[in-house]
*Asks:* 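For reference, the structure I am asking about is given below.
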Amino acid sequence: MILTQDSTQIEVTIHVNGTPHAVKTDPCVTLLDLLRDHLQLTGSKKGCDHGQCGACTVLLDGKRVNSCLVLAISREGSSVTTIEGLGSIANLHPLQSAFIRHDALQCGYCTPGQICSAIGLMLEGHAKSHDEIREGMSGNLCRCGAYIGIVEAIEDVMESESSREENR
Amino acid sequence: MADAALNTGRPLLRVDGPLKVTGGAKYAAEYDAPDLVHGVIVPSSIARGRIVSVDTRAAQAFPGVLKIFTHENRPWGAHFSVFFKDPMGPPGKPFRPLLDGQVHFSGQPVALIVAESFEAARDAAALVRVSYHTEAHKTDLEKEAVHAYTPPRTRLGVPPTPKPTGDADRAFASSPVKVEATYRASPENHHPMELFASTVVWGADKTITVYDKTQSPKSVQIYLKAAFLLFGRRVRVVSPYVGGAFGLGLRPQQSVFLAMLAAKALKRSVRVVIPRDQMYTLGYRANAIQTVSLGADEDGHLHALKQEAIAATSQYEDAQDPMLFFSGLLYGCENVKLAYKLAKLDTISPCDMRAPGAATGMFALESAMDELAYATGRDPLDLRLENYIDYDQMEHRKMSSKALRDCYTQGADKFGWSARTAAPRSMRDGRDLIGWGMATGIWDAALSPLPARATVTLTADNRLEVTTSVTDIGTGTYTILSQLAADAMQLPMDRVTTRLGDSSLPYNPTQGGSWTASTAGSAVQAACEKLKDKLLKHSHRTDQASLTSDPSVEFVTLLNVAGKARMEATATITNLPFGKKFTSATHSAVFVEVRIDEELGAIRVTRVVSAIAAGRILNPLTAQSQIRGAAIMAIGKALHEDAASDHNLGRCMAHSFADYHIPSNADVFDLEVIFVKELDTEVSPIGTKGLGEIGSVAVAPAIANAVFHATGYRVRELPITIDRLLPGLPL
Amino acid sequence: MKRFRYMKAVSVREAIGIFAAEPGAALMAGGTNLVDLMKYDVSTPTVVVDINGLPLHDITEQPDGGLRLGALVSNADVAYDPRITERYPLLSSAILAGASGQLRNMATVGGNLLQRTRCSYFYDVQVPCNKREPGSGCPAKTGLNRGHAILGASPLCIATHPSDMCVALSALDATILVEGPRGVRSIPFSEFHRLPGESPERDTTLEPGEIILAVDLPLLPPSMGYSYLKIRDRLSYAFALVSVAVLIKIDDRIIQQAHLSLGSVAHKAWRDKDAETLLVGAAPVRAVFKRIADRLLDSAIAQEQNGFKIELAHRATVRCLEQAAAGTPQSQANKRIC
């Protein structure tokens, strides 16, 4: 089945933070550029554009991925959660609050990717130890060096989640 | 200065945190404009030569391409005049993209493709064919070091290398104990996570708004107006959030230059983003070859200190940094001789990178001090305490404050240094060799060399707005300025809003040099004092003295009494460069534990204790983050970072994060920060001395020294990679 | 990025048909390497055939007691599958030593096999590279070659294969199930990747139009010791300088069977089955391990900057054998080398 001829724009529908977006796009457009340039959702960051820094991390059908390496056209019908879909200033996601509490950011540029990645890591069920978190978060580079706060923030959320489980 | 204050000095949460964790903070490439077009740079493939021709036909024909700028068709502007120079540039002629057909370094922009979409510009850029007349290039510092020279003109704002004292050559020759060694540091790239970018929004009403990644919106504004002769237009440079810069944003970058060039020519809004693999072409921390010679008596008392540095620069500028400026300030020694030289390479000019100069210079000196400790059988910490001085022996001045001794003792105590066994290879845990090393750090403590202003405005709804043009590059500037203003005006934090990073705000030169907290903070505090005076005057109160010291007073009531909706005050802080009675510096003592697999040479920096003396700490939480982050960057310098060039090609080949490693989360273990109490009333009216650089200075040498303690093998070249360490790990 | 046509294949036959008919076609699974290379203009396919819709997403039991990994199973799904962690922990460990959590969620079994070298010259279209542009030259030979091959290199190319997963698959004696215009065939792992020789542009022995359907893991004897040891320039998210995969069967202090593969030292995972026979019947002691390391590396040739890799590979081989023999495999989370 041939979908496109040279550079022909075709429509792709992607659900972003619960809202379906039908966007006409060229096959060469990545999910990251679609989010940033076409949907003006600039919370997902471009730090390297080659899957080497993690700033572009989003949850794609529930899993953390580098959106800079995803051709948008190949994800017809899929669901994307970006930092904008996790929480708002008035209603922060627990991990967003924990990042602020532990000062897990400085310049803030890698932060949305760190948070999306951490949520992905927790969903994967591999944020169980300090070492596991440090290794599991190593796909998200931070040049300001907020790593210690980032790990503390994740541990904080993991602990409060497990204590909630215990109380149940 | 006692911190009886409600906010200042407390670990308050970063005020820009909520916006940053929700993705709401916008960076330079994230502003949209009607009809925005995108520029992508075509870099040169050769390091030196001349462009013979640029074939743009295929690129021009690419769908969506609007215009291709090359040196042949670029419009004229003042920046193409031989007299043109950016204000922060070192001596020489700054690189000006698309000036002419000369190629000065590999990766130099030779064309700018402007297209309707980012993708079109990117993809057309690959179709440009450039032919060159290639000339022999020189990019290898090892080879060019023989041509090193003392820069004839010093760079504005960089303190000159101190003149010699005594007779270091003779003292060294006659010293009973001599240590002499050569140390090498590789070139490094800043690599902030945000790509350099500029969005120039071309307004119909003669206004041009430039969203730029810069440390200094004001400098960029002045530069753009002068370079592009935009005097009839209102140019506003806006940079409220900057995704790290570490010095690379001190000078106007290629992105803003090219975006403005295209916008002015096309009369359209243009965005230019520098991709990661071109970021190395914006500047680098100079690689250097240094020789340190220390002469001492058997007890380790220094008699001679010589340090010679040969650092890389470009062919067109004498880039300089304070590599040796601090070398005579740490240890008592009557014979000091420092020589700072440059060697020209066919590269872009080096650009200040966090703790410029000092991080590299101190690596050499502090490694040599460690070597002296072993040569004299002294504990490295004892050796430093033995040679401690509390005055500036180079300028014969007092220090305005120097709590370095407390850094040594408190840091050592926290680290447990006394449990260290002296002999190399004497500490181990299974197959891990354990090494404990330490080093001293120092950095300049000063206000910005240029005057800085801040304005505070109180409104009838009891809100205070603080404004100054400087940026927050992750440093916590928003937070500390709000804290200072809240306390000065006796307001809770949530009543204060700070606006930064906008050239239309009161002039404040640049974020950098560790001077922003002191400079902007002092300006804000002074503005608050002025505002209070104004309020008191307008309200005709006579009990002024008691009012300003009474924390229950709400200044908004005075505003109401005065019948005003708002009142503002602006203050200027000036740093007079002459008549200084003191030398001022921040200091650190850093203690490091490394664990090294005894046969595989894999290094883990498992513990760092950084004890910092930097005057008053406005916010221990954000300050701790800054020191930790600086330490992590220094772990990169010590173990990972090498912007290695292929000298046959004259090209840096480490231009992605796969080839240029910066520390990852897994590389970071325990990092403890201690701020020792230090009272300083000279550096700034608010008692601060600055934090941006000091956290980086001593970490790399402390790691190198720990590696020696662990292995008994001295690696004198950074980064200490496995290939460099393995010869020291015999089976 | 060169502009391309995008197609979504709905059947294996259709994918093979397009792939065989279009010389410029590239298959896209996870896209982690292909899109990366396309952005650098290193890969310039005229057609991108998206094969994610093909029914190759399962891990299935094999009649011989082994497992079949569908070509499109993600690296993460392989690494965390309980059948893998219980029966092939070496494979799980190797996968988790590589890339990042995000990339492992995207990258697939087949894609991992087909990833290209990370040689920085290969990645930079402004400089020559025989692998990217046959006949243009190899600047790495006289340039920056600290990370390059020490075994099996050719005068034309000294690139290494960067995969961690493949080192484990090599040690596991996996077979690759492929289908092409001429039908289905199985390729032993050791014959899948090739040495650069005279045609460094070719990484594998796949014929035109062939696509990977699955990787078959053979049944292993019970209670084999294993370890995957990766040495790199930073502690995570970096390609290996040297890696070693070991499977070892020891009964009564005598080595019954040993599989050993080296990664990032050659154009393919480096396995020497003759050398492995040296271990069989010997005691699992350091002196024996050193002998096999000597043998494995006796044909190693250093470039100007990578001589240390020979020594490092030697030491890592010995250590990895020790780890596997002691039943203490290297953790991929705790960075201490055990």
Side-chain angles (χ1 to χ4, degrees), chain A residues 7 26 28-30 33 36-37 40-50 52-53 55 82-84 86-90 92-93 95-97 99-101 103-113 115 131 133-151, chain B residues 11 13-14 16-27 29-30 32 38 63 117-119 123 190-195 241-246 273 275-277 472-476 621-622 624-626 628-633 635 656-658 662-671:
Chain A
S7 298
D26 192 283
C28 71
V29 175
T30 63
D33 289 327
R36 284 171 65 84
D37 288 354
Q40 301 301 322
L41 289 168
T42 54
S44 305
K45 303 302 182 192
K46 185 182 280 192
C48 73
D49 215 13
H50 288 275
Q52 296 170 346
C53 79
T82 69
I83 192 73
E84 290 93 343
L86 287 176
S88 60
I89 289 182
L92 292 172
H93 183 282
L95 192 63
Q96 290 173 318
S97 318
F99 262 61
I100 298 171
R101 235 173 15 253
D103 206 37
L105 63 134
Q106 291 182 44
C107 81
Y109 197 76
C110 73
T111 309
I115 291 172
D131 282 345
I133 295 170
R134 288 171 53 246
E135 168 59 22
M137 289 302 294
S138 285
N140 292 81
L141 300 179
C142 170
R143 190 54 157 164
C144 298
Y147 294 132
I148 290 176
I150 289 166
V151 175
Chain B
L13 301 181
R14 206 173 280 270
D16 44 338
L19 209 54
K20 285 178 173 174
V21 300
T22 51
K26 280 179 112 178
Y27 300 80
E30 296 170 355
D32 200 14
H38 301 257
S117 71
F118 159 67
E119 289 82 5
D123 300 344
H190 308 64
H191 280 311
M193 294 314 300
E194 183 197 8
L195 300 168
Y241 300 101
V242 179
F246 312 110
V273 180
R276 182 61 61 187
D277 60 313
D472 181 333
I473 58 175
T475 38
L621 183 67
T622 56
Q624 172 182 266
S625 295
Q626 211 174 357
R628 278 179 173 168
I632 292 169
M633 191 174 270
I635 290 173
S656 77
F657 279 138
I662 65 171
S664 73
N665 202 317
D667 293 286
V668 175
F669 295 78
D670 282 352
L671 291 179

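Throughout, a chain's letter reflects where its sequence line sits, starting with A, and its residues are numbered from 1.
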*Asks:* Do the side chains of A:Arg143 and B:His190 get nearer than 4.5 Å, heavy atoms only?
*Replies:*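 With C-beta onward as the side chain, the pair stays apart.
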*Asks:* Check whether any side-chain heavy atom of A:Asp26 sits under 4.5 Å from a side-chain heavy atom of B:Glu119, and report yes or no.
*Replies:*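 Heavy-atom side-chain distance check fails, nothing below 4.5 Å.
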*Asks:* Between B:Ala658 and A:Gln52, what is the shortest heavy-atom contact and its length?
*Replies:*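 Residues B:Ala658 and A:Gln52, closest heavy atoms: CB-NE2, 3.3 Å.
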*Asks:* Where does B:Pro663 contact chain A at under 4.5 Å (heavy atoms): side chain, backbone, both or neither?
*Replies:*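 Contact with chain A is through both the backbone and side chain of B:Pro663.
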*Asks:* Using a 4.5 angstrom heavy-atom cutoff, name the option from A:Gly108, A:Gly43, A:Gly149 with the most pairs to chain B.
*Replies:*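 Between A:Gly108, A:Gly43, A:Gly149, the count favours A:Gly108.
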*Asks:* For A:Lys46 and B:Phe118, what are the C-alpha separation, side-chain angles and deciding distance, and is it a side chain to side chain contact (heavy atoms under 4.5 Å, CB included)?
*Replies:* CA-CA 13 Å; A:Lys46 185 182 280 192; B:Phe118 159 67; 3.4 Å; yes
*Asks:* Pick one of side chain, backbone, both or neither for B:Tyr241, based on which atoms fall under 4.5 Å of a heavy atom in chain A.
*Replies:*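 For B:Tyr241, there is no contact with chain A at all, as no heavy atom is under 4.5 Å.
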*Asks:* Does a side-chain heavy-atom distance below 4.5 Å link A:Cys144 with B:Phe246?
*Replies:*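 With C-beta onward as the side chain, the pair touches.
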*Asks:* Closest heavy-atom contact between A:Gln96 and B:Thr22?
*Replies:*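 For A:Gln96 versus B:Thr22, the nearest heavy atoms are NE2-CA, 3.7 Å.
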*Asks:* Let me know if B:Pro192 has heavy atoms under 4.5 Å from chain A in its side chain, its backbone, both or neither.
*Replies:*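 Backbone only.
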*Asks:* Looking only at atom types and distance, does a side-chain atom of B:Arg276 sit under 3.5 Å from a main-chain N or O of A:Gly47, one as donor and one as acceptor?
*Replies:*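 A pair under 3.5 Å: yes.
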*Asks:* Can you tell which of A:Leu105, A:Leu86, A:Ile115, A:Leu41 has the highest number of heavy-atom pairs within less than 4.5 Å of chain B?
*Replies:*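 Looking at each of A:Leu105, A:Leu86, A:Ile115, A:Leu41 in turn, A:Leu105 comes out on top.
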*Asks:* For B:Tyr27 and A:Tyr109, work out which heavy atoms get closest and say how close.
*Replies:*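 What the structure gives for the nearest pair is OH-N, 3.5 Å.
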*Asks:* Give, as side chain, backbone, both or neither, the part of B:Ile635 having an atom under 4.5 angstrom from any heavy atom of chain A.
*Replies:*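 Contact with chain A is absent: no heavy atom of B:Ile635 under 4.5 Å.
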*Asks:* Using a cut-off of under 4.5 Å on heavy-atom pairs, state which of A:Gln40, A:Met137, A:Glu135 scores highest against chain B.
*Replies:*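 Looking at each of A:Gln40, A:Met137, A:Glu135 in turn, A:Gln40 comes out on top.
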*Asks:* Are any non-hydrogen side-chain atoms of B:His38 and A:Asp37 less than 4.5 angstrom apart?
*Replies:*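 Of all side-chain heavy-atom pairs linking A:Asp37 with B:His38, at least one is under 4.5 Å.
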*Asks:* Side-chain contact test, heavy atoms from C-beta onward, threshold under 4.5 Å: evaluate it for A:Ser138 versus B:Asn665 and give yes or no.
*Replies:*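 The answer is yes; the side chains approach within 4.5 Å.
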*Asks:* Going by an N to O cut-off under 4.0 Å, is there a salt bridge joining A:Asp103 and B:Arg14?
*Replies:*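 Answer for the salt bridge query: yes.
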*Asks:* May I ask you to say whether B:Glu194 pairs ionically with A:Lys45, meaning some side-chain N is under 4.0 Å from a carboxylate O?
*Replies:*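 Here B:Glu194 does not pair with A:Lys45 in a salt bridge, since their nearest N and O are not under 4.0 Å apart.
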*Asks:* Who among A:Leu95, A:Ile89, A:Thr111, A:Val151 has the most heavy-atom pairs with chain B under 4.5 Å?
*Replies:*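 With the most close heavy-atom pairs to chain B, the winner is A:Ile89.
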*Asks:* Is the closest side-chain heavy-atom distance between B:Asp123 and A:Cys28 below 4.5 Å?
*Replies:*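 The answer is yes, as the side chains (C-beta and beyond) meet within the 4.5 Å cut-off.
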*Asks:* Sort B:Leu621 into side chain, backbone, both or neither according to what part of it lies under 4.5 angstrom from a heavy atom of chain A.
*Replies:*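 Answer is both: backbone and side chain atoms of B:Leu621 are under 4.5 Å from chain A.
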*Asks:* For the residue pair A:Cys48 and B:Phe657, what are the closest heavy atoms and their distance?
*Replies:*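 Closest heavy-atom pair between A:Cys48 and B:Phe657: CB-CD1, 4.0 Å.
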*Asks:* Taking all atoms of both residues into account, what is the closest heavy-atom pair of A:Cys53 and B:Met193, and its distance?
*Replies:*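 Nearest heavy atoms, A:Cys53 then B:Met193: CB-CE, 3.6 Å.
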*Asks:* Would you mind reporting whether B:Val242 and A:Cys107 have side-chain heavy atoms less than 4.5 Å apart?
*Replies:*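 No, side chains not in contact.
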*Asks:* Under a 4.5 Å cut-off applied to non-hydrogen side-chain atoms, are B:Val668 and A:Arg134 in contact?
*Replies:*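 They are not in side-chain contact.
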